[in-house]
Each structure stands twice: as structure tokens, then as C-alpha cells.
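Before any comments, here is the structure.
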There are 2 protein chains.
Amino acid sequence: MAKEASYKDKKVITIGIVRELTGLSERQIRYYEERKLIFPERTSGGSRKYSFADIELLMEIAEKIEDGVQTYEIRQEMKKKNADATKLRNKMIQGQLNAQFGTRKR
Amino acid sequence: MAKEASYKDKKVITIGIVRELTGLSERQIRYYEERKLIFPERTSGGSRKYSFADIELLMEIAEKIEDGVQTYEIRQEMKKKNADATKLRNKMIQGQLNAQFGTRKR
DNA sequence: CAACGATGTTAGAAAACCTTACATATAATT
DNA sequence: AATTATATGTAAGGTTTTCTAACATCGTTG
């Protein structure tokens with residue numbers, strides 16, 4: 001069930017590096033977390049750890065912000081996208097089950 | 001010529017995370033650098049930055065060390081492997097050129 | 001104008017990292 | 001056997017990086 005965390009998804013990058021890679025300020029990066037757009041992990045000492053995927057997401061966020069989109073709206077878009085992906089995934093799983101065991105009506 | 005640095009090769013991971021991921025001590029990680037087995041980059045402030053490839057290499061190194069191989073020998077193996085790869089690469093480039101422009105004797 | 005959104009800046013503290021040096025226990029060399 | 005080299009731990013002191021919290025600014029929206 002749990003997917004192998006690939007390089008892209010492993011949270012191993014500190015905020016300073018993220019700053020360099022994205023060109024965003026640390027203030028901005030932390031603020032987008034506060035607005036629930038990104039979810040870094042933490043070291044035992046409390047330092048934030050990001051993945052490459054987070055970095056890509058941050059760059060998308062930055063673009064939207066530049067286009068005048070507010071963090072709240074971005075959050076809504078993300079929620080929707082997640083919900084859609086979940087729905088699709090469930091539908092596919094259901095399809096798998098039906099293929100294996102046949103459809104049962106009602 | 002320069003290859004696009006993929007996630008695997010980008011030097012973005014600090015030594016503390018490398019310690020966690022490899023199980024090696026920072027002392028060991030720095031020592032293997034001193035013995036020219038790994039080559040982290042540095043932040044402007046001087047902190048080491050490693051790639052996922054470095055981490056995999058470190059784990060291979062750790063295995064060999066456990067098997068009693070010395071860093072010096074590991075270094076020699078690496079040199080040889082690099083030399084071989086370079087030779088092969090050059091041979092392939094030569095092949096490409098011959099295919100395009102024909103072989104010229106002497 | 002008041003409230004909110006987004007970002008900068010500052011301050012002080014804690015965590016992470018750096019180098020250098022000394023200690024130790026094996027292992028290799030002479 | 002004595003010496004040298006390898007591999008690692010640990011300590012000290014210093015610098016860099018990160019953290020949170022607070023206050024400031026400036027633009028937008030109600």
C-alpha cells in the first residue's frame with residue numbers, strides 16, 4: 001500500500017537549500033506552510049525538511065502568487081485536485097475488484 | 001556535454017540527514033571525504049551538501065569497510081572504474097565520428 | 001478606514017555544522 | 001617488536017543555519 005518514497009518525495013532538504021533552489025525567501029516558504037500549501041517534515045531538533053516534489057510545488061505556488069492568486073484559492077485548488085485523484089483511484093480499485101471477483105449488483 | 005543533474009545527482013542534503021539515512025557517524029562521513037571517496041559541495045557558509053548518489057556510494061563504502069577493505073583500496077577501485085568508463089565513453093564517441101565521417105587510416 | 005493578505009525585518013535562542021586536536025584500538029610495514 | 005598507518009570517537013570553541021515570535025509595511029478588499 002505505502003509507495004516506495006523515491007528521491008523525488010523524500011524529505012531531506014533544509015530550508016536554506018530550498019531558498020536557493022526556488023529563489024523564494026524563507027519567510028515566504030514558511031508562510032506558505034502556515035497557509036497549508038506545503039507540509040515539510042521536521043528533524044528531531046525541529047528543522048524543516050523538504051522534498052524535491054515540495055520544491056516543484058513551491059515554484060508552482062510562486063507562479064500563481066505572481067499571477068495574483070491568493071493562497072486561500074490555491075489551497076482550494078489543491079484540495080479539489082486531491083479529492084479528484086482520490087476518487088479516480090478508488091474507482092480504479094473498484095474496477096480491479098470487479099474484474100477479479102465479478103460485479104455484484106446492490 | 002554536461003548532463004542535466006537529476007534529483008539523484010543534485011547536492012542538496014546536509015550531513016545530519018546523510019547520517020540519518022546511512023547510519024554512519026559524521027566523523028566517518030567526513031573521513032571518507034578526506035580519503036577522497038566522496039566529494040560533497042559546500043554552501044556559501046561552508047556546510048557540506050550531498051546527493052542521493054553520494055548516499056548510495058557511502059553505503060557501498062560502508063559495506064566494503066565492514067568487509068575489511070581499506071579506504072585506499074576502495075579509492076583505487078573507484079579510480080579504475082572511472083578510467084574504464086572514460087575509456088569506453090571515448091571509444092563510443094570515436095565510433096560515432098567514424099560512422100559519420102568515415103575512418104581515416106593513420 | 002478597518003481588516004486581511006503577503007512579505008520584510010529584527011531579536012534571541014537553539015540546532016546544526018565546521019575545524020582542529022587528542023585519544024585509542026587495530027592492522028600493516030619495516 | 002617497534003613503528004607507522006588506518007579508522008573512529010570525543011571534546012572544545014567558533015560559525016552558520018534554523019527556529020519562533022513580534023512588529024512594520026503596503027496593497028487590496030469589504
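Values below: every heavy atom of this structure, side chains too, minus hydrogens, waters and symmetry copies. Protein chains get the first letters and strands the later ones, always in sequence-line order, with residue 1 at the start of each.
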[X] has an atom [atom1]; how far is it from atom [atom2] of [N], in whole Å?
X     : N      : atom1 : atom2 : value
B:Y72 : C:dT29 : OH    : C1'   : 14 Å
B:R75 : D:dT6  : CZ    : C1'   : 17 Å
A:Y31 : C:dG8  : OH    : P     : 12 Å
B:K49 : C:dC18 : NZ    : P     : 12 Å
B:L37 : D:dA7  : CG    : C1'   : 12 Å
A:Q70 : C:dA6  : CD    : C1'   : 9 Å
B:R35 : D:dT8  : CZ    : P     : 11 Å
A:E66 : C:dA6  : CD    : C1'   : 13 Å

- Between B:R48 and A:T43, which is nearer to the 5' end of DNA chain C once each is assigned its nearest nucleotide?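 Nearest-nucleotide comparison on DNA chain C picks A:T43.
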Per nearest nucleotide of DNA chain C, the residue lying toward the 5' end, A:V69 or B:E26, is A:V69
*With a non-hydrogen cut-off below 4.0 angstrom, is B:S44 in contact with a base, only sugar-phosphate, or nothing?*
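Nothing, no heavy atom under 4.0 Å.
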When we call it a touch if two heavy atoms are under 4.0 Å apart, what does A:R30 touch: a base, just sugar-phosphate, or nothing? base
Please answer whether the main-chain N or O of B:T43 pairs with a side-chain N or O of B:S47 as donor and acceptor at a distance below 3.5 Å.
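Flag not set: sc B:S47 to bb B:T43 has no pair under 3.5 Å.
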Distance alone, cut at 3.5 Å: any donor-acceptor contact between the side chains of B:Y31 and B:R27?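 No donor-acceptor contact under 3.5 Å links the two side chains.
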Margin query: Using a strict threshold of under 4.0 Å (side-chain N to carboxylate O), is an ion pair present between A:R30 and A:E26?
Written below: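 Yes, charged N to carboxylate O under 4.0 Å.
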Lys/Arg N to Asp/Glu carboxylate O, A:K64 vs A:E60, below 4.0 Å =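 Salt bridge absent between A:K64 and A:E60.
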Item to check | Non-hydrogen atoms of A:L24 and A:Y32 that approach each other most closely | outcome: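 Distance-wise, the nearest heavy atoms are CD1-CE1, 4.2 Å.
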OP1 or OP2 of [N] sitting under 4.0 Å from any side-chain N/O of [X]?
X     : N      : answer
A:T14 : D:dT18 : yes
A:Y32 : C:dT7  : yes
B:S47 : C:dA16 : no
A:T71 : C:dA6  : yes
B:R42 : D:dT15 : no

Walking DNA chain D from its 5' end, the first of A:G46 and A:R27 to be reached, judged by nearest nucleotide, is A:G46
